[in-house]
**Student:** 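Structure below; questions to follow.
Keep in mind that what you see is a predicted model, and the values were worked out from it rather than measured. Sequential numbering from 1 along the given sequence is applied to the chain's residues.
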Amino acid sequence: MAGQDPALSTSHPFYDVARHGILQVAGDDRFGRRVVTFSCCRMPPSHELDHQRLLEYLKYTLDQYVENDYTIVYFHYGLNSRNKPSLGWLQSAYKEFDRKDGDLTMWPRLVSNSRLKRSSHLSLPKYWDYRYKKNLKALYVVHPTSFIKVLWNILKPLISHKFGKKVIYFNYLSELHEHLKYDQLVIPPEVLRYDEKLQSLHEGRTPPPTKTPPPRPPLPTQQFGVSLQYLKDKNQGELIPPVLRFTVTYLREKGLRTEGLFRRSASVQTVREIQRLYNQGKPVNFDDYGDIHIPAVILKTFLRELPQPLLTFQAYEQILGITCVESSLRVTRCRQILRSLPEHNYVVLCYLMGFLHAVSRESIFNKMNSSNLACVFGLNLIWPSQGVSSLSALVPLNMFTELLIEYYEKIFSTPEAPGERGLAPWEQGSRAAPLQEAVPQTQATGLTKPTLPPSPLMAARRRL
């Protein structure tokens, strides 16, 4: 079937809908928000698709990201009289995503004070509906027809002002470049052909194509978007990248018990400002920003912008197979997969997982157990070399990440570390330093190497 994910299992709870490929997770937008695409051309005739199941599948998909900001790209081409849902269905879908401010004014206070379970008059489904609506930050409608625009104007008085501001029309695919990582989008061939047809029909009146400047060599102090090897060469042989070390150190000292750590977003302008400072080799003091979630976002951004994922492209297929391994053997399998990593990647991964393990041990306060952390970090640690991870790949990717966090000491205690058989990373002489925890008066003061205590990693673990 066209558009079907070859890795999709028939045991998927929504296989009857998912097999059509109507929904896809398409990486992140320019602001680091997860992107979900909805392709109308993949919708079969109405008598072959239960539209209520489609809505449930949409909610099921968003449940994996509902705690974070997200964006929906709606490809309208292909919707016709044979496959379009009823008006009643559209109203139901709208109710799921449009938030009326007066309905849930007490929720931010209830959630921040952890009163959800004690609140008898607010149900969990209402909380999730709130999250669907609140965290939807943009709805991009691609190739809208005149009918859609007229219908929107008719319904505008019934639609909340806040939701209306989230809807943006794009007449051509090229307009998406400014807002999304276009090469990560899963665009059906039918939509691509239709866009080419529109471009040719309106030749001479189309907006100028987005000009991509020629690539420039990175700055000597560049921290984002460059390889681990580049960072090592520019930082006196240090294996742990400075941005990673500074954010981890800061969060260890001040954020381990912060509720929802790594789930919150941050101002795009603030993130870009901090990236610019780091890339220019200037000091960054996270205390100046007054938000513990900012260094957490910077850490995720750093991982996401690596040219190659920390777990490497080569390990992608091996990781997808983790669900086929008997549960009692999965930790051993994780260790086997990690042995194939380059030594540098292994050392950085060990450092990061040690920190995330420490975060998970404070889950009674921060609500971020190993499973929740895996949902946040899975796609920041591994992605395919071509395109983006499919929906069906999320389960093994997140499972593998959860195993690394939950069984950190078992997985990384093996003496058969890459490149140094018989020596663990923290036993390798000069290579011990990157794995030791920095404990200076942390203000993330810039790119100068922080002072490291002489104690090895194992002692650092005991302090956790």
**Student:** Can you label the angle between the H12 ring and the Y60 ring as parallel, tilted or perpendicular, going by 30° and 60°?
**Tutor:** perpendicular
**Student:** Using 0.5 Å steps for rounding, measure from the CD atom of E402 to the CG atom of N372.
**Tutor:** 9.0 Å
**Student:** Quick one: does any side-chain atom of H357 pair with a main-chain N or O of Y407 as donor and acceptor, under 3.5 Å?
**Tutor:** no
**Student:** According to the interplanar angle, ranging from 0 to 90°, do the rings of F313 and W383 count as parallel (below 30°), tilted (30 to 60°) or perpendicular (above 60°)?
**Tutor:** perpendicular
**Student:** Would you give the length of the straight line joining atom NE2 of H293 to atom OG1 of T270, rounded to the nearest 0.5 angstrom?
**Tutor:** 13.5 Å
**Student:** Please check this pair: side chain of D69 against backbone of R33, looking for a donor-acceptor N/O pair closer than 3.5 Å.
**Tutor:** no
**Student:** Could you tell me whether a side-chain N or O of N369 sits under 3.5 Å from a main-chain N or O of S360, the two making a donor and an acceptor?
**Tutor:** no
**Student:** Is it true that a side-chain atom of N235 and a backbone atom of E238 form a donor plus acceptor pair closer than 3.5 Å?
**Tutor:** no
**Student:** When you measure from the side chain of K166 to the backbone of L136, do you find a donor-acceptor pair of N or O atoms at a distance under 3.5 Å?
**Tutor:** yes
**Student:** Could you give me the CA-CA distance, side-chain angles and deciding distance for I298 and F286, then say whether side-chain contact (heavy atoms from CB on, under 4.5 Å) is met?
**Tutor:** CA-CA 10 Å; I298 292 297; F286 287 120; 4.3 Å; yes
**Student:** Do side-chain atoms of R330 reach the backbone of V325 as a donor and acceptor pair under 3.5 angstrom?
**Tutor:** yes
**Student:** Return yes if some donor-acceptor pair links the side-chain N/O of S340 with the main-chain N/O of I337 below 3.5 Å, else return no.
**Tutor:** yes
**Student:** Could you tell me whether the side chain of N345 and the main chain of T312 form a donor-acceptor pair under 3.5 Å?
**Tutor:** no
**Student:** Just jot down the side-chain contact (heavy atoms from CB on, under 4.5 Å) partners of V297, sequence neighbours excluded, or say none.
**Tutor:** A266, V271, T301
**Student:** Could you check whether any side-chain heavy atom of V142 comes within less than 4.5 Å of a side-chain heavy atom of H76, counting everything from C-beta outward?
**Tutor:** no
**Student:** Can you check whether R333 reaches Q318 side chain to side chain, under 4.5 Å on heavy atoms?
**Tutor:** yes
**Student:** Is it true that atom CD of Q229 has more than 12 heavy atoms of other residues, nucleotides or ligands lying nearer than 6.0 Å?
**Tutor:** yes
**Student:** More than 12 non-hydrogen atoms from neighbouring residues, nucleotides or ligands closer than 6.0 Å to CZ on F224, yes or no?
**Tutor:** yes
**Student:** Is any side-chain heavy atom of Y230 less than 4.5 Å from a side-chain heavy atom of K234?
**Tutor:** yes
**Student:** Mind checking the CD-CG spacing from E406 to L373? Nearest 0.5 Å is all I need.
**Tutor:** 10.5 Å
**Student:** Kindly indicate whether the side chain of H143, heavy atoms from C-beta on, has any atom under 4.5 Å from the side chain of L173.
**Tutor:** yes
**Student:** I want to check something: taking the side chain as every heavy atom from C-beta on, are P188 and R42 in contact at a cut-off of under 4.5 Å?
**Tutor:** yes
**Student:** Given 3.5 Å as the limit, does a donor-acceptor pair link the side chain of K300 with the main chain of F262, or not?
**Tutor:** yes
**Student:** Examine distances only and state if a side-chain atom of D195 and a backbone atom of V191 form a donor-acceptor pair shorter than 3.5 Å.
**Tutor:** no
**Student:** Heavy atoms, side chains only, cut-off 4.5 Å: are V36 and V73 in contact?
**Tutor:** no
**Student:** Using the rule given for salt bridge (charged side-chain N to carboxylate O under 4.0 Å, His left out), can you reason through R257 versus E362, listing the C-alpha separation, both sets of side-chain angles and the distance that settles it, and then say yes or no?
**Tutor:** CA-CA 6 Å; R257 295 189 172 186; E362 301 291 344; 3.1 Å; yes
**Student:** Is any side-chain heavy atom of F75 closer than 4.5 Å to a side-chain heavy atom of C40?
**Tutor:** no
**Student:** With heavy-atom distances below 4.5 Å as the criterion, would you say the side chains of P241 and V348 are in contact?
**Tutor:** yes
**Student:** Are E273 and Y278 close enough, and set up right, to give a side chain to side chain donor-acceptor pair (under 3.5 Å), and what steps lead you there?
**Tutor:** CA-CA 9 Å; E273 175 192 342; Y278 270 131; over 6 Å; no
**Student:** I'd like to know if D291 and R264 make a salt bridge, using a cut-off of under 4.0 Å between side-chain N and carboxylate O.
**Tutor:** no
**Student:** So for atom CG, which belongs to L329, do other residues, nucleotides or ligands contribute more than 12 heavy atoms lying within a distance under 6.0 Å?
**Tutor:** yes
